[in-house]
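See structure below.
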Amino acid sequence: MADRVIPLPTAGRRRLPHAAAPASACGDSGQDCGAPAAAGDLPQAVWDKVKSHPCYSVEAHHFFARMHVAVAPRCNIQCNYCNRKYDCANESRPGVVSERLTPEQAERKAVAVAARLPQLSVIGIAGPGDALANAAATFETCDRIAARLPDVALCLSTNGLALGEHVAAIKARNISHVTVTLNALDPEIAARIYAWIVVDRKRRSGVDAARLLIERQLDGLKAAVAAGLLVKVNSVMIPGINDAHLREVNAEVRRHGAFLHNIMPLISDPAHGTHFGLSGQRGPSPQELKSLQDAVSGGANLMKHCRQCRADAVGLLGEDRREEFSLDRIEEIPAGAPGSREAYREFVERERDHRRTAADRASAALRTAALDRSLLVAVCTKGSGRVNQHFGHASEFQIFEARRDGVRLVGHRRAQHYCQGGDGDDDALAQTIAALDGIGLVLCAKIGACPKERLAAAGIRAIDDYAFDYIETAVAALFKAETARDLAASEIA
Ligand code: CLF
Ligand code: SF4
(Lines give C-alpha, C1' and ligand atoms only; values in the text may rest on other atoms or scores of the structure.)
(Ligands and ions follow the chains in the order given, each with its own letter.)
Protein backbone atom coordinates (compact mmCIF):
# COMPACT_ATOMS: atom_id res chain seq x y z
CA MET A 1 0.00 0.00 0.00
CA ALA A 2 2.93 2.31 -0.60
CA ASP A 3 0.75 4.57 -2.69
CA ARG A 4 -2.03 4.63 -0.12
CA VAL A 5 -0.61 6.64 2.71
CA ILE A 6 -3.34 7.48 5.14
CA PRO A 7 -3.74 10.93 6.59
CA LEU A 8 -4.07 11.47 10.29
CA PRO A 9 -7.59 11.30 11.72
CA THR A 10 -9.59 14.40 11.01
CA ALA A 11 -12.40 15.53 13.24
CA GLY A 12 -15.78 15.99 11.65
CA ARG A 13 -14.81 14.62 8.22
CA ARG A 14 -17.71 12.96 6.37
CA ARG A 15 -17.06 10.07 4.02
CA LEU A 16 -18.70 7.46 1.92
CA PRO A 17 -19.51 4.18 3.61
CA HIS A 18 -16.89 1.53 2.90
CA ALA A 19 -19.04 -0.45 0.49
CA ALA A 20 -19.66 2.63 -1.61
CA ALA A 21 -16.15 3.98 -1.44
CA PRO A 22 -13.97 4.39 -4.52
CA ALA A 23 -11.08 2.02 -5.15
CA SER A 24 -8.65 4.23 -3.29
CA ALA A 25 -10.93 4.64 -0.30
CA CYS A 26 -8.54 3.07 2.15
CA GLY A 27 -5.98 5.69 1.36
CA ASP A 28 -8.53 8.38 1.97
CA SER A 29 -10.34 6.96 4.89
CA GLY A 30 -8.75 9.06 7.56
CA GLN A 31 -7.48 6.02 9.40
CA ASP A 32 -4.17 4.32 9.89
CA CYS A 33 -5.05 0.78 8.92
CA GLY A 34 -8.49 0.11 7.66
CA ALA A 35 -10.13 1.33 10.80
CA PRO A 36 -12.39 4.33 10.91
CA ALA A 37 -11.31 7.56 12.46
CA ALA A 38 -14.51 9.33 13.31
CA ALA A 39 -18.27 8.97 13.53
CA GLY A 40 -18.67 10.86 10.25
CA ASP A 41 -16.50 8.37 8.35
CA LEU A 42 -19.11 5.60 8.38
CA PRO A 43 -22.85 5.09 8.60
CA GLN A 44 -23.89 5.49 12.23
CA ALA A 45 -24.90 1.82 12.60
CA VAL A 46 -21.48 0.65 11.42
CA TRP A 47 -19.61 3.22 13.48
CA ASP A 48 -21.52 2.07 16.58
CA LYS A 49 -20.19 -1.46 15.99
CA VAL A 50 -16.66 -0.36 15.22
CA LYS A 51 -15.85 2.47 17.61
CA SER A 52 -15.25 0.28 20.65
CA HIS A 53 -13.96 -2.88 18.98
CA PRO A 54 -10.18 -3.12 19.39
CA CYS A 55 -9.73 -5.36 16.34
CA TYR A 56 -12.00 -3.46 13.93
CA SER A 57 -10.68 0.01 14.76
CA VAL A 58 -7.03 0.87 15.19
CA GLU A 59 -8.05 3.86 17.26
CA ALA A 60 -10.23 1.71 19.53
CA HIS A 61 -7.33 -0.66 20.11
CA HIS A 62 -5.56 2.06 22.05
CA PHE A 63 -8.46 2.17 24.53
CA PHE A 64 -10.55 -1.00 24.55
CA ALA A 65 -9.93 -4.58 25.63
CA ARG A 66 -11.17 -7.90 24.33
CA MET A 67 -11.56 -11.17 26.12
CA HIS A 68 -11.62 -14.63 24.55
CA VAL A 69 -13.45 -17.53 26.14
CA ALA A 70 -12.01 -20.85 25.02
CA VAL A 71 -15.18 -22.94 24.76
CA ALA A 72 -14.62 -24.47 21.31
CA PRO A 73 -12.12 -27.37 21.42
CA ARG A 74 -13.02 -29.33 18.26
CA CYS A 75 -12.32 -28.56 14.62
CA ASN A 76 -13.83 -29.67 11.32
CA ILE A 77 -10.75 -29.13 9.16
CA GLN A 78 -7.01 -29.65 9.41
CA CYS A 79 -4.79 -26.72 8.47
CA ASN A 80 -1.16 -27.50 7.80
CA TYR A 81 -0.10 -24.74 10.21
CA CYS A 82 -2.08 -26.18 13.11
CA ASN A 83 -1.34 -28.72 15.78
CA ARG A 84 -4.50 -29.47 17.71
CA LYS A 85 -2.62 -29.51 20.98
CA TYR A 86 -2.58 -25.73 20.60
CA ASP A 87 -5.03 -22.93 19.81
CA CYS A 88 -6.63 -22.36 16.41
CA ALA A 89 -3.88 -20.71 14.40
CA ASN A 90 -6.43 -19.01 12.15
CA GLU A 91 -6.96 -16.49 14.93
CA SER A 92 -4.25 -17.23 17.43
CA ARG A 93 -0.60 -18.01 17.78
CA PRO A 94 0.26 -21.67 17.66
CA GLY A 95 2.39 -22.93 20.49
CA VAL A 96 0.09 -21.90 23.32
CA VAL A 97 -2.68 -23.87 24.97
CA SER A 98 -5.67 -22.10 26.41
CA GLU A 99 -7.63 -22.84 29.54
CA ARG A 100 -10.68 -24.64 28.15
CA LEU A 101 -14.03 -23.64 29.58
CA THR A 102 -17.60 -24.86 29.70
CA PRO A 103 -20.23 -22.25 28.79
CA GLU A 104 -21.07 -21.87 32.48
CA GLN A 105 -17.40 -21.29 33.37
CA ALA A 106 -17.09 -18.85 30.46
CA GLU A 107 -20.03 -16.86 31.82
CA ARG A 108 -18.49 -16.68 35.30
CA LYS A 109 -15.15 -15.65 33.90
CA ALA A 110 -16.68 -12.99 31.64
CA VAL A 111 -18.57 -11.44 34.56
CA ALA A 112 -15.40 -11.43 36.68
CA VAL A 113 -13.29 -9.81 33.95
CA ALA A 114 -15.99 -7.20 33.29
CA ALA A 115 -15.96 -6.34 37.01
CA ARG A 116 -12.24 -5.57 36.96
CA LEU A 117 -11.72 -4.22 33.44
CA PRO A 118 -13.77 -1.14 32.49
CA GLN A 119 -11.99 -1.24 29.12
CA LEU A 120 -13.73 -4.51 28.24
CA SER A 121 -15.89 -3.93 25.15
CA VAL A 122 -15.97 -7.27 23.34
CA ILE A 123 -15.99 -10.97 24.17
CA GLY A 124 -14.90 -13.32 21.42
CA ILE A 125 -14.87 -17.04 20.76
CA ALA A 126 -11.76 -17.88 18.80
CA GLY A 127 -11.00 -21.47 19.62
CA PRO A 128 -9.03 -23.31 20.69
CA GLY A 129 -10.68 -25.13 17.73
CA ASP A 130 -13.37 -23.71 15.45
CA ALA A 131 -16.22 -21.74 17.04
CA LEU A 132 -18.81 -23.21 14.64
CA ALA A 133 -17.55 -26.78 14.84
CA ASN A 134 -18.69 -26.38 18.46
CA ALA A 135 -21.84 -24.45 17.66
CA ALA A 136 -23.89 -25.60 20.67
CA ALA A 137 -21.24 -24.54 23.20
CA THR A 138 -20.50 -21.33 21.29
CA PHE A 139 -24.12 -20.25 21.17
CA GLU A 140 -24.89 -21.25 24.77
CA THR A 141 -21.89 -19.20 25.86
CA CYS A 142 -23.06 -16.20 23.83
CA ASP A 143 -26.58 -16.47 25.29
CA ARG A 144 -25.25 -16.60 28.83
CA ILE A 145 -22.90 -13.66 28.34
CA ALA A 146 -25.51 -11.55 26.56
CA ALA A 147 -27.88 -12.02 29.50
CA ARG A 148 -25.26 -10.89 32.03
CA LEU A 149 -23.33 -8.27 30.05
CA PRO A 150 -25.68 -6.78 27.45
CA ASP A 151 -23.42 -3.77 26.79
CA VAL A 152 -20.45 -5.95 25.73
CA ALA A 153 -20.28 -6.92 22.03
CA LEU A 154 -20.04 -10.56 20.95
CA CYS A 155 -17.56 -11.68 18.31
CA LEU A 156 -16.54 -15.01 16.82
CA SER A 157 -13.95 -16.41 14.50
CA THR A 158 -14.36 -19.39 12.16
CA ASN A 159 -12.62 -21.24 9.37
CA GLY A 160 -15.85 -20.72 7.40
CA LEU A 161 -16.69 -24.35 6.61
CA ALA A 162 -19.92 -24.23 8.65
CA LEU A 163 -20.57 -20.48 8.53
CA GLY A 164 -23.39 -20.47 5.97
CA GLU A 165 -25.59 -22.82 7.98
CA HIS A 166 -25.17 -20.76 11.15
CA VAL A 167 -25.58 -17.18 9.93
CA ALA A 168 -29.22 -16.97 11.04
CA ALA A 169 -28.34 -18.23 14.54
CA ILE A 170 -25.45 -15.77 14.77
CA LYS A 171 -27.69 -12.91 13.71
CA ALA A 172 -30.46 -13.98 16.11
CA ARG A 173 -28.03 -13.74 19.02
CA ASN A 174 -26.77 -10.27 18.16
CA ILE A 175 -23.27 -11.59 17.61
CA SER A 176 -22.18 -8.49 15.76
CA HIS A 177 -18.68 -9.32 14.48
CA VAL A 178 -17.56 -12.41 12.58
CA THR A 179 -14.09 -13.30 11.32
CA VAL A 180 -13.70 -15.82 8.49
CA THR A 181 -10.33 -17.24 7.54
CA LEU A 182 -9.78 -17.34 3.78
CA ASN A 183 -6.29 -18.32 2.74
CA ALA A 184 -6.84 -18.93 -0.97
CA LEU A 185 -9.38 -18.72 -3.78
CA ASP A 186 -7.51 -21.19 -5.94
CA PRO A 187 -8.21 -24.82 -4.90
CA GLU A 188 -4.75 -25.91 -6.08
CA ILE A 189 -3.18 -23.45 -3.62
CA ALA A 190 -5.66 -24.25 -0.88
CA ALA A 191 -4.92 -27.97 -1.23
CA ARG A 192 -1.35 -27.18 -0.11
CA ILE A 193 -2.67 -25.45 3.01
CA TYR A 194 -5.38 -27.86 4.20
CA ALA A 195 -4.83 -31.56 4.86
CA TRP A 196 -8.51 -32.43 5.08
CA ILE A 197 -12.01 -31.20 5.83
CA VAL A 198 -15.02 -33.00 7.30
CA VAL A 199 -18.38 -32.53 5.57
CA ASP A 200 -21.44 -34.69 6.32
CA ARG A 201 -19.28 -36.75 8.71
CA LYS A 202 -16.99 -37.70 5.84
CA ARG A 203 -13.32 -36.74 5.73
CA ARG A 204 -12.25 -35.34 2.34
CA SER A 205 -8.89 -34.19 1.08
CA GLY A 206 -7.14 -32.92 -2.05
CA VAL A 207 -8.15 -30.28 -4.56
CA ASP A 208 -11.86 -31.20 -4.54
CA ALA A 209 -12.01 -30.82 -0.76
CA ALA A 210 -10.21 -27.48 -1.03
CA ARG A 211 -12.69 -26.34 -3.69
CA LEU A 212 -15.61 -27.26 -1.45
CA LEU A 213 -14.08 -25.44 1.51
CA ILE A 214 -13.54 -22.27 -0.55
CA GLU A 215 -17.12 -22.41 -1.88
CA ARG A 216 -18.44 -22.67 1.65
CA GLN A 217 -16.17 -19.92 2.95
CA LEU A 218 -17.32 -17.53 0.21
CA ASP A 219 -20.99 -18.51 0.58
CA GLY A 220 -20.73 -17.97 4.34
CA LEU A 221 -18.99 -14.65 3.85
CA LYS A 222 -21.69 -13.45 1.45
CA ALA A 223 -24.50 -14.61 3.75
CA ALA A 224 -22.91 -12.96 6.79
CA VAL A 225 -22.47 -9.64 4.98
CA ALA A 226 -26.03 -9.84 3.61
CA ALA A 227 -27.31 -10.43 7.15
CA GLY A 228 -25.69 -7.17 8.26
CA LEU A 229 -22.89 -8.72 10.31
CA LEU A 230 -19.60 -6.89 10.38
CA VAL A 231 -17.18 -9.32 8.76
CA LYS A 232 -13.41 -9.42 8.88
CA VAL A 233 -11.39 -11.87 6.79
CA ASN A 234 -8.14 -13.32 8.11
CA SER A 235 -5.54 -14.78 5.77
CA VAL A 236 -2.36 -16.50 6.84
CA MET A 237 0.57 -15.40 4.66
CA ILE A 238 2.64 -18.45 3.70
CA PRO A 239 5.72 -17.57 1.63
CA GLY A 240 5.96 -19.52 -1.61
CA ILE A 241 2.43 -20.88 -1.27
CA ASN A 242 -0.15 -18.10 -1.09
CA ASP A 243 1.82 -14.87 -0.62
CA ALA A 244 1.46 -13.61 -4.21
CA HIS A 245 -2.08 -14.99 -4.40
CA LEU A 246 -3.21 -12.93 -1.38
CA ARG A 247 -3.55 -9.87 -3.61
CA GLU A 248 -6.41 -11.66 -5.40
CA VAL A 249 -7.85 -12.72 -2.07
CA ASN A 250 -7.76 -9.11 -0.88
CA ALA A 251 -9.64 -7.91 -3.97
CA GLU A 252 -12.23 -10.65 -3.48
CA VAL A 253 -12.62 -9.74 0.19
CA ARG A 254 -13.46 -6.21 -0.85
CA ARG A 255 -15.81 -7.39 -3.59
CA HIS A 256 -17.76 -9.40 -1.07
CA GLY A 257 -18.20 -6.40 1.25
CA ALA A 258 -16.10 -7.54 4.19
CA PHE A 259 -15.12 -4.66 6.44
CA LEU A 260 -11.46 -5.56 6.96
CA HIS A 261 -8.78 -7.92 5.72
CA ASN A 262 -6.19 -9.10 8.23
CA ILE A 263 -3.12 -10.65 6.59
CA MET A 264 -1.31 -12.51 9.36
CA PRO A 265 2.19 -13.98 9.17
CA LEU A 266 2.52 -17.74 9.32
CA ILE A 267 4.16 -18.71 12.60
CA SER A 268 6.05 -21.88 11.91
CA ASP A 269 8.22 -23.59 14.48
CA PRO A 270 9.20 -27.29 14.37
CA ALA A 271 8.62 -27.36 18.14
CA HIS A 272 4.90 -26.81 17.53
CA GLY A 273 4.69 -30.07 15.60
CA THR A 274 2.65 -28.66 12.70
CA HIS A 275 3.02 -30.03 9.17
CA PHE A 276 4.53 -26.74 8.02
CA GLY A 277 6.79 -26.49 11.06
CA LEU A 278 8.11 -30.02 10.57
CA SER A 279 8.52 -29.69 6.80
CA GLY A 280 10.57 -26.51 7.03
CA GLN A 281 7.98 -24.10 5.68
CA ARG A 282 9.04 -20.67 6.91
CA GLY A 283 6.91 -17.70 7.87
CA PRO A 284 7.37 -14.23 6.35
CA SER A 285 9.73 -11.63 7.80
CA PRO A 286 8.19 -8.36 9.07
CA GLN A 287 9.56 -6.67 5.94
CA GLU A 288 7.91 -9.27 3.65
CA LEU A 289 4.60 -8.82 5.44
CA LYS A 290 4.82 -5.04 5.12
CA SER A 291 5.74 -5.32 1.41
CA LEU A 292 2.65 -7.41 0.76
CA GLN A 293 0.47 -5.01 2.73
CA ASP A 294 1.97 -2.10 0.78
CA ALA A 295 1.35 -3.92 -2.50
CA VAL A 296 -2.32 -4.58 -1.83
CA SER A 297 -3.72 -1.45 -3.35
CA GLY A 298 -7.35 -0.66 -4.04
CA GLY A 299 -8.59 -3.78 -2.29
CA ALA A 300 -10.14 -4.32 1.11
CA ASN A 301 -9.03 -2.17 4.02
CA LEU A 302 -6.26 -3.81 5.97
CA MET A 303 -5.97 -4.56 9.65
CA LYS A 304 -2.33 -4.19 10.67
CA HIS A 305 -2.59 -4.21 14.44
CA CYS A 306 -3.49 -7.89 14.97
CA ARG A 307 -1.51 -9.57 17.76
CA GLN A 308 -2.46 -13.16 16.86
CA CYS A 309 -3.70 -13.50 20.39
CA ARG A 310 -4.50 -16.64 22.34
CA ALA A 311 -7.92 -18.25 22.52
CA ASP A 312 -8.05 -17.22 26.20
CA ALA A 313 -6.52 -13.73 25.82
CA VAL A 314 -7.70 -10.96 28.16
CA GLY A 315 -6.85 -7.26 28.00
CA LEU A 316 -5.81 -4.64 25.50
CA LEU A 317 -4.36 -6.13 22.31
CA GLY A 318 -0.71 -6.71 23.04
CA GLU A 319 -1.12 -7.13 26.79
CA ASP A 320 -1.80 -10.41 28.48
CA ARG A 321 -3.82 -10.35 31.69
CA ARG A 322 -5.30 -13.83 31.52
CA GLU A 323 -3.40 -15.07 34.57
CA GLU A 324 -5.31 -12.59 36.74
CA PHE A 325 -8.52 -14.31 35.66
CA SER A 326 -7.84 -18.03 35.85
CA LEU A 327 -10.79 -20.07 37.12
CA ASP A 328 -9.31 -20.47 40.58
CA ARG A 329 -8.85 -16.72 40.94
CA ILE A 330 -12.14 -15.36 39.67
CA GLU A 331 -14.06 -16.62 42.70
CA GLU A 332 -12.45 -13.84 44.75
CA ILE A 333 -13.55 -11.06 42.40
CA PRO A 334 -16.67 -9.23 43.62
CA ALA A 335 -19.38 -8.36 41.07
CA GLY A 336 -18.68 -5.04 39.34
CA ALA A 337 -21.03 -2.27 38.35
CA PRO A 338 -21.65 -1.66 34.63
CA GLY A 339 -21.34 2.04 35.53
CA SER A 340 -17.56 1.77 35.44
CA ARG A 341 -17.69 0.73 31.77
CA GLU A 342 -20.08 3.56 30.98
CA ALA A 343 -17.86 6.09 32.70
CA TYR A 344 -14.82 4.73 30.87
CA ARG A 345 -16.58 4.99 27.49
CA GLU A 346 -17.47 8.61 28.23
CA PHE A 347 -13.83 9.27 29.07
CA VAL A 348 -12.78 7.69 25.75
CA GLU A 349 -15.18 9.92 23.81
CA ARG A 350 -13.62 13.01 25.35
CA GLU A 351 -10.12 11.65 24.82
CA ARG A 352 -10.91 10.87 21.18
CA ASP A 353 -11.88 14.49 20.57
CA HIS A 354 -8.65 15.77 22.11
CA ARG A 355 -6.62 13.24 20.20
CA ARG A 356 -8.17 14.19 16.86
CA THR A 357 -7.60 17.88 17.46
CA ALA A 358 -3.95 17.16 18.25
CA ALA A 359 -3.71 14.87 15.20
CA ASP A 360 -5.10 17.60 12.94
CA ARG A 361 -2.43 19.97 14.14
CA ALA A 362 0.25 17.32 13.64
CA SER A 363 -1.09 16.56 10.16
CA ALA A 364 -0.84 20.21 9.17
CA ALA A 365 2.71 20.35 10.54
CA LEU A 366 3.71 17.23 8.60
CA ARG A 367 2.75 18.78 5.30
CA THR A 368 5.44 21.41 5.81
CA ALA A 369 8.20 18.84 6.50
CA ALA A 370 11.48 19.54 4.75
CA LEU A 371 11.54 16.24 2.80
CA ASP A 372 9.12 13.47 1.90
CA ARG A 373 10.41 10.07 2.82
CA SER A 374 9.33 7.10 4.88
CA LEU A 375 10.35 7.04 8.54
CA LEU A 376 9.69 4.00 10.71
CA VAL A 377 9.42 4.62 14.44
CA ALA A 378 8.97 2.03 17.21
CA VAL A 379 6.75 3.30 20.02
CA CYS A 380 6.46 2.12 23.63
CA THR A 381 2.85 2.50 24.74
CA LYS A 382 0.58 0.91 27.28
CA GLY A 383 -2.60 2.29 25.69
CA SER A 384 -4.61 5.50 25.30
CA GLY A 385 -2.70 6.31 22.10
CA ARG A 386 0.17 7.95 23.97
CA VAL A 387 3.93 7.47 24.29
CA ASN A 388 3.53 6.41 27.90
CA GLN A 389 5.66 3.35 28.58
CA HIS A 390 9.16 2.96 29.99
CA PHE A 391 11.45 1.22 27.49
CA GLY A 392 12.33 -1.42 30.06
CA HIS A 393 8.69 -2.38 30.58
CA ALA A 394 7.78 -2.80 26.92
CA SER A 395 6.79 -6.28 25.78
CA GLU A 396 6.09 -4.99 22.28
CA PHE A 397 6.65 -1.94 20.12
CA GLN A 398 3.98 -0.43 17.92
CA ILE A 399 5.53 0.47 14.58
CA PHE A 400 4.43 3.72 12.96
CA GLU A 401 5.40 4.98 9.52
CA ALA A 402 5.53 8.73 8.92
CA ARG A 403 5.49 10.43 5.55
CA ARG A 404 4.70 13.98 4.64
CA ASP A 405 1.06 13.11 4.10
CA GLY A 406 0.38 11.10 7.23
CA VAL A 407 1.32 8.84 10.12
CA ARG A 408 0.03 5.30 10.13
CA LEU A 409 0.39 2.20 12.25
CA VAL A 410 2.07 -0.48 10.14
CA GLY A 411 2.54 -3.31 12.63
CA HIS A 412 4.16 -4.29 15.84
CA ARG A 413 7.28 -6.14 16.98
CA ARG A 414 7.49 -8.28 20.08
CA ALA A 415 10.10 -7.29 22.67
CA GLN A 416 11.49 -8.75 25.85
CA HIS A 417 11.09 -6.90 29.15
CA TYR A 418 14.47 -5.30 29.75
CA CYS A 419 13.77 -4.40 33.39
CA GLN A 420 13.69 -7.54 35.47
CA GLY A 421 13.09 -6.78 39.15
CA GLY A 422 15.07 -3.56 39.00
CA ASP A 423 17.97 -4.95 36.95
CA GLY A 424 18.56 -4.84 33.22
CA ASP A 425 18.50 -8.15 31.33
CA ASP A 426 21.20 -8.11 28.65
CA ASP A 427 19.89 -11.17 26.83
CA ALA A 428 16.44 -9.61 26.65
CA LEU A 429 17.96 -6.43 25.25
CA ALA A 430 19.84 -8.38 22.59
CA GLN A 431 16.55 -10.01 21.51
CA THR A 432 14.80 -6.66 21.46
CA ILE A 433 17.54 -5.16 19.30
CA ALA A 434 17.17 -8.07 16.89
CA ALA A 435 13.38 -7.56 16.82
CA LEU A 436 13.90 -3.93 15.82
CA ASP A 437 15.72 -4.91 12.63
CA GLY A 438 15.30 -2.11 10.07
CA ILE A 439 14.06 0.46 12.59
CA GLY A 440 16.35 3.24 13.79
CA LEU A 441 14.17 5.23 16.20
CA VAL A 442 12.38 4.31 19.42
CA LEU A 443 9.99 6.63 21.25
CA CYS A 444 9.45 5.85 24.92
CA ALA A 445 8.40 7.62 28.11
CA LYS A 446 11.77 6.98 29.73
CA ILE A 447 14.93 4.95 29.20
CA GLY A 448 18.01 4.37 31.33
CA ALA A 449 21.52 5.33 30.23
CA CYS A 450 22.72 1.72 29.83
CA PRO A 451 20.05 0.44 27.42
CA LYS A 452 20.17 3.75 25.57
CA GLU A 453 23.88 3.29 24.92
CA ARG A 454 23.41 -0.35 23.87
CA LEU A 455 20.70 0.66 21.44
CA ALA A 456 22.86 3.48 20.09
CA ALA A 457 25.70 1.03 19.49
CA ALA A 458 23.25 -1.02 17.41
CA GLY A 459 22.28 2.08 15.40
CA ILE A 460 18.96 2.68 17.20
CA ARG A 461 18.23 6.07 18.76
CA ALA A 462 15.93 5.99 21.81
CA ILE A 463 14.14 9.26 22.50
CA ASP A 464 12.12 10.15 25.60
CA ASP A 465 11.53 13.83 24.77
CA TYR A 466 7.91 13.18 23.78
CA ALA A 467 6.87 11.34 26.94
CA PHE A 468 3.08 11.18 27.33
CA ASP A 469 2.37 12.98 24.04
CA TYR A 470 -0.14 11.46 21.62
CA ILE A 471 1.68 9.00 19.39
CA GLU A 472 0.80 10.67 16.09
CA THR A 473 1.80 14.07 17.43
CA ALA A 474 5.13 12.74 18.66
CA VAL A 475 5.90 10.81 15.47
CA ALA A 476 4.97 13.81 13.32
CA ALA A 477 7.23 16.12 15.34
CA LEU A 478 10.05 13.60 15.10
CA PHE A 479 9.54 13.29 11.35
CA LYS A 480 9.80 17.05 10.94
CA ALA A 481 12.96 17.19 13.02
CA GLU A 482 14.56 14.24 11.21
CA THR A 483 13.76 15.50 7.72
CA ALA A 484 15.05 18.98 8.59
CA ARG A 485 18.27 17.36 9.81
CA ASP A 486 18.54 15.23 6.66
CA LEU A 487 18.03 18.29 4.46
CA ALA A 488 20.65 20.27 6.34
CA ALA A 489 23.10 17.35 6.07
CA SER A 490 22.51 17.03 2.32
CA GLU A 491 23.08 20.76 1.82
CA ILE A 492 26.37 20.60 3.71
CA ALA A 493 27.41 17.61 1.62
FE1 CLF B 1 -11.24 -11.95 19.25
FE2 CLF B 1 -10.91 -11.99 16.71
FE3 CLF B 1 -13.08 -11.00 17.71
FE4 CLF B 1 -10.83 -9.71 17.96
S5 CLF B 1 -9.11 -11.22 18.18
S6 CLF B 1 -12.48 -13.10 17.84
S7 CLF B 1 -11.88 -10.15 16.04
S8 CLF B 1 -12.29 -10.09 19.58
FE9 CLF B 1 -8.06 -9.39 17.08
FE10 CLF B 1 -6.63 -11.18 18.33
FE11 CLF B 1 -5.98 -10.48 15.86
FE12 CLF B 1 -8.11 -11.86 16.29
S13 CLF B 1 -5.96 -9.18 17.66
S14 CLF B 1 -6.07 -12.54 16.71
S15 CLF B 1 -7.95 -10.06 15.00
FE1 SF4 C 1 -6.42 -25.63 13.65
FE2 SF4 C 1 -8.07 -23.55 13.53
FE3 SF4 C 1 -7.29 -24.77 11.26
FE4 SF4 C 1 -8.97 -25.97 12.95
S5 SF4 C 1 -9.36 -24.08 11.75
S6 SF4 C 1 -7.18 -26.92 11.98
S7 SF4 C 1 -8.20 -25.32 14.97
S8 SF4 C 1 -5.98 -23.63 12.67
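For this chain, numbers begin at 1 and follow the sequence in order. This is a predicted model, so every value here is computed, not measured. All ligand and atom numbering here is 1-based and tracks the order in the structure.
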- How close does the nearest protein non-hydrogen atom get to atom 13 (S) of ligand 1, and which residue and atom is it? Arg307 N, 3.5 Å
- Task: Using the side-chain contact (heavy atoms from CB on, under 4.5 Å) rule, take Val442 and Cys380 through it: C-alpha gap first, then chi angles, then the decisive distance, then the call.
- Result: CA-CA 8 Å; Val442 172; Cys380 301; 4.2 Å; yes
- Task: Kindly determine whether His412 and His305 satisfy ring pair (Phe, Tyr, Trp, His ring centres under 6.0 Å), including the steps that lead there.
- Result: CA-CA 7 Å; His412 72 283; His305 59 285; 9.5 Å; no
- Message: I'd like to know if Glu59 and Arg352 make a salt bridge, using a cut-off of under 4.0 Å between side-chain N and carboxylate O.
- Response: yes
- Message: Less than 4.0 Å is my threshold; does some heavy atom of Met67 fall inside it relative to ligand 1?
- Response: no
- Protein N/O/S atoms under 2.8 Å of atom 3 (Fe) of ligand 2? Cys79 SG
- Message: Under the rule for side-chain contact (heavy atoms from CB on, under 4.5 Å), what residues qualify as partners of Ser235, not counting sequence neighbours?
- Response: Asn183, Val233, Leu246, Val249, His261
- Carboxylate-amine/guanidinium contact Arg282 Glu288, below 4.0 Å: yes
- Message: Between Arg345 and Glu349 (salt bridge meaning N to carboxylate O under 4.0 Å), is one present in this structure?
- Response: no
- Residue pairs, two or more places apart or on separate chains, that pass ring pair (Phe, Tyr, Trp, His ring centres under 6.0 Å) and touch residues 211-236: none
- Item | Under-4.0 Å salt bridge between Asp200 and Lys202 | no
- Query: Atoms of ligand 1 less than 4.0 Å from Cys306 heavy atoms?
  - Reply: 11 (Fe), 13 (S), 14 (S), 15 (S)
- Message: Evaluate Tyr56 against His61 for ring pair (Phe, Tyr, Trp, His ring centres under 6.0 Å), listing each step before the verdict.
- Response: CA-CA 8 Å; Tyr56 283 69; His61 107 286; over 10 Å; no
- Decide whether Lys49 and Ser176 meet the rule of one side-chain donor and one side-chain acceptor closer than 3.5 Å. no
- Taking only Lys NZ, Arg NE, NH1 and NH2, and the carboxylate oxygens of Asp or Glu, determine whether Glu140 and Arg144 approach each other closer than 4.0 Å. yes
- What number of protein N, O or S atoms occur at distances under 2.8 Å from atom 4 (Fe) of ligand 1? 1
